[in-house]
Every structure is written in C-alpha cells, then in structure tokens.
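Notes follow the structure.
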Amino acid sequence: MPHQLRPVTSPSMTRGASLLKWSFVFIILTGCASSSLEDTRPQDETNKSYKPASNNLTGSSEPAPRLPPTPENCSDHSQLGSVVCPENQQCHELSKECLKCDFNCTCVYGQEVNVTCRPRVSCKGKQEITVPMICRYCYQTSHWEHTCLGNNQCRAVHSPRETFTSNCTVNSDVLCLGNRVFRKKLYCNWTSGYKWSTALLLSITLGGFGADR
C-alpha cells in the first residue's frame with residue numbers, strides 16, 4: 001500500500017498556534033465584559049443634563065449678583081425740622097438749606113449740573129428756581145465749605161498727633177447731595193488757648209530758657 005503523506009509539525013509551530021488561539025479567546029472575553037459594564041451603568045450617569053457655562057467673574061454657574069440700586073432720594077435728612085428759614089423774602093435769596101431740590105443721584109462726581117428747587121417756606125417771586133451745583137456729597141466738600149465743632153479735651157501736643165470725631169455742617173451757600181450735617185475725623189487742635197505764632201516767637205528768642213513751653 002502506498003504511504004500517506006502527513007504534514008510535518010514542529011513544537012514551535014504548535015506553541016504559536018495555541019498562543020494565537022488563546023489571544024482570540026481573550027479578545028472576545030474582553031469585548032463581552034466591556035459591553036456588559038456599559039449596560040449596567042446607572043441611568044443618571046448616562047442621562048446627565050447639560051450644565052450652563054460658569055460665570056467668568058464668580059467661577060460658578062449661578063448668575064452674576066445684581067448691583068445695589070441707585071438711591072432714589074439724595075436729599076438732606078439730618079436737619080428735618082431743625083432749620084429756621086426766614087419768610088416773606090425773595091425765593092432766590094433763600095439759603096440752600098431752605099430749598100427742597102430734585103437731585104440727580106446718578107450724576108458724575110465733580111460735574112456741574114443744574115437742579116430744580118422749591119422753597120420750604122413761603123417766599124416772594126418764582127416758586128420754582130434752577131440752582132447750579134457741583135455733583136458731590138456734602139461730606140466731600142472742601143474744608144472751607146463746612147464748619148466743624150472743636151474738642152477742648154483733645155490736645156495737639158501729643159505725639160503721635162491724636163484725632164477726634166467732630167460734627168460738621170455745610171455752609172448755607174453750598175448745595176450738595178446727602179445730609180448737610182455729617183461726622184468727620186479731625187486732628188486735635190486744642191492748645192489751651194495759646195497761639196502757635198506766639199509759641200514760635202518765644203521758641204526763637206527765649207527757647208534756650210524754656211519759655212516756649
């Protein structure tokens with residue numbers, strides 16, 4: 001009988017075929033496991049709602065906070081009922097505290113504006129007048145435009161120089177926003193009634209003997 005031909009196989013070819021077979025099995029098993037994990041994910045993770053972009057200023061998704069509204073009334077509330085205004089005189093001659101004005105609270109600081117004012121008491125002439133003013137609050141006026149009360153318990157000779165809080169009142173010819181009476185921190189200036197010029201003169205002439213003390 002003729003001999004049948006058998007394929008010649010080496011041990012290395014056998015190992016390679018088995019390795020390839022197990023590789024295919026591993027790939028199939030890995031694919032099945034990943035698909036089963038995707039199917040078992042919670043529903044809330046797969047259906048997440050869209051989140052709005054975060055606010056650039058606050059870093060959160062909440063809307064930016066609203067700025068406080070501009071005050072509707074910038075009139076004086078510190079001297080209500082305490083100012084005595086003369087009657088039966090020309091309306092344009094009344095002092096500024098005797099006028100009730102329609103202020104523009106949104107004006108620009110330092111800008112010259114015209115406001116419409118009406119007298120608080122009976123007067124002669126036009127009852128509605130236009131008054132020019134500089135846009136600023138009363139506490140922003142210059143030191144020569146308001147008068148402040150002193151304090152005789154606060155002396156100027158201390159070092160460092162002490163300060164005290166004084167009540168200041170705007171001059172009657174100045175028109176400004178807000179309260180005409182306000183509090184302001186000042187340096188102590190009480191010197192027991194002596195003048196600085198006298199002390200300087202004594203210091204130059206008799207300072208060696210301590211006369212300026």
Stepwise, does the side-chain contact (heavy atoms from CB on, under 4.5 Å) test hold for Tyr137 with Cys74?
-> CA-CA 9 Å; Tyr137 280 88; Cys74 302; 4.0 Å; yes
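- Minimum heavy-atom separation, Pro86 to Val121: O-CG2, 3.4 Å.
- In the hydrophobic cluster analysis, where Ile, Leu, Val, Met, Phe, Trp and Tyr join through side-chain heavy atoms closer than 4.5 angstrom, Leu149 is grouped apart from Val174.
- Nearest heavy-atom pair across Cys138 and Gly178 is SG-O, 3.9 Å.
- Arg136 CZ to Ser142 OG: the interatomic distance, rounded to the nearest 0.5 Å, is 6.0 Å.
- Atom CG of Asp76 sits about 12.0 Å away from atom CG of Leu99, to the nearest 0.5 Å.
- Side-chain N or O atoms of Arg180 include one that pairs as donor or acceptor with a backbone N or O of Asn171 at under 3.5 Å.
- Tracing side-chain contacts under 4.5 Å through hydrophobic residues (I, L, V, M, F, W, Y), one never reaches Phe164 starting from Val181; they form parts of separate clusters.
- Here the SG atom belonging to Cys135 is positioned 7.0 Å from the CD atom belonging to Gln111, to the nearest 0.5 angstrom.
- With values rounded to the nearest 0.5 angstrom, Asp102 atom CG is found 10.5 Å from Thr130 atom OG1.
- Gln127 places a side-chain N or O within donor-acceptor distance of the main-chain N or O of Gly125, the cut-off being under 3.5 Å.
- Across all non-hydrogen atoms, the minimal contact from Thr141 to Glu145 is CB-OE1, 3.5 Å.
- To the nearest 0.5 angstrom, Phe182 atom CZ is 8.0 Å from Thr169 atom OG1.
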Assess whether side-chain contact (heavy atoms from CB on, under 4.5 Å) is satisfied between Met133 and Leu177, documenting all intermediate values.
-> CA-CA 10 Å; Met133 64 169 292; Leu177 304 175; 4.2 Å; yes
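- Atom CG of Leu175 sits about 10.5 Å away from atom CD of Glu97, to the nearest 0.5 Å.
- Under a cut-off of 6.0 angstrom, the local environment of NZ in Lys124 is sparse, with at most 12 non-hydrogen atoms contributed by other residues, nucleotides or ligands.
- Val131 and Ile134 fall into different hydrophobic clusters, defined by Ile, Leu, Val, Met, Phe, Trp and Tyr side-chain heavy atoms under 4.5 Å apart, directly or through other members.
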